[in-house]
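What you see is a predicted model, and the numbers here were worked out from it, not measured in a lab.
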Amino acid sequence: MYVWETLDRNVQKTAGAGSRLIETTNAYNPNENSIAQRTHEAVLGGAARLLYDCVEAERDVDLKDREAVTAAVIVAYGDSHWVDVEGIADAIQDPRTPAAVAYRFYLNNIQENADGWMSKDEWELCFDEADPIRPGEQIAIGFDGSLRGDATGMIGCRLRDGKLFQIHLQENPRNPNQPDWEVDVLAVEAAVANAFRTYKVEWFYGDPPYWQEAIGRWSIEYGDDYVFEYWTNKPTRMAQATERFRSAAMVQDLKHDGDDDLSRHVLNAVTREVPQGTLITKDSPRSKKKIDLAVCAILAFEARADAIADGRMKKRRSRVVGF
């Protein structure tokens, strides 16, 4: 990203002298917000001085139909006469090749990963810009913290409709000029205090690693019947919470306010099957694509459910006594 941005700026400054930038790529995954995607969307948005050329096979080709697959490969590779069309058709129809890989890398179709947790279309259907979160509303909170490597964040979830919103986020910028970057612990403490001061926080779930002492203090300060530990490394409990979240998203029983960071983290997440069910994880252990706010969202949505089950949506009525 940094290299491309530097090159792009330099080309823009020296275009009059003949500088040009060529980008060649496979079809992109729309969940990744890659350079290829940004360039394509810039072209669609009418950006000047961009030439975009792409040859795609027809979408939704029946991958079991050999004749249709062969014809699609011929279209996708155009005049690349050196291509082994039959070999590529064999690769597409190999049972080990996921359909998403076949469409994206062999037929040049823009395609999401097969193991992605949430598709962009599915997530966007949950977007709701009406009825914004207001101070004083009843919410639940999910917290996932780190100290250096991963992100630290908090997501709120409104009790009455399951609407998600970002409360706090710190991400390691991965900047070579900041090799000793650490989470600003005081900023996290301030964000927690501000959340409890601004909203009626009915339930708080926090993942304890690195933050067990802090969560203990918050429990004392805000009430041990409001702040709870939620160990995300317990696969049975976490798989159940993950499934409840995804099921709610599929039928739009949860909402979000369109926060870019939350959306990015949700769309970065991929699935991992365990004996207890499905969990979410990064696409690789060393991946820079963070998913921490997605974990926070799952915890916040679970906290909302537990708060409602505990009867906390019931408004307290003041008793009037007459004499």
> OG of S263 to CD of E124: how many Å apart, nearest 0.5 Å?
Replying inline: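 Taking OG in S263 and CD in E124, the distance rounds to 8.0 Å.
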>> Would you compute the distance between atom CZ of F143 and atom CH2 of W211 and round it to the nearest 0.5 angstrom?
In response: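 With rounding to 0.5 Å, CZ (F143) is 5.0 Å from CH2 (W211).
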Check: [Y] and [X] side chains under 4.5 Å, non-hydrogen atoms:
X    : Y    : answer
N268 : K282 : no
Q93  : L63  : no
L21  : W4   : yes

Less than 6.0 angstrom separating the ring centers of [X] and [Y], yes or no?
X    : Y    : result
W203 : F228 : yes
Y226 : F204 : no
H256 : F165 : no

Going by an N to O cut-off under 4.0 Å, is there a salt bridge joining [X] and [Y]?
X    : Y    : result
E202 : R304 : no
K64  : D62  : no
D261 : K290 : no

Would you tell me whether [X] and [Y] have side-chain atoms, one donor and one acceptor, within less than 3.5 Å of each other?
X    : Y    : answer
E23  : T39  : yes
S219 : D224 : no
T278 : E273 : yes
T236 : Q240 : no
E229 : W231 : yes

> Think R244 forms a cation-pi with F301, using NZ or CZ under 6.0 Å from the six-ring centre and within 45 degrees of its axis?
Replying inline: no
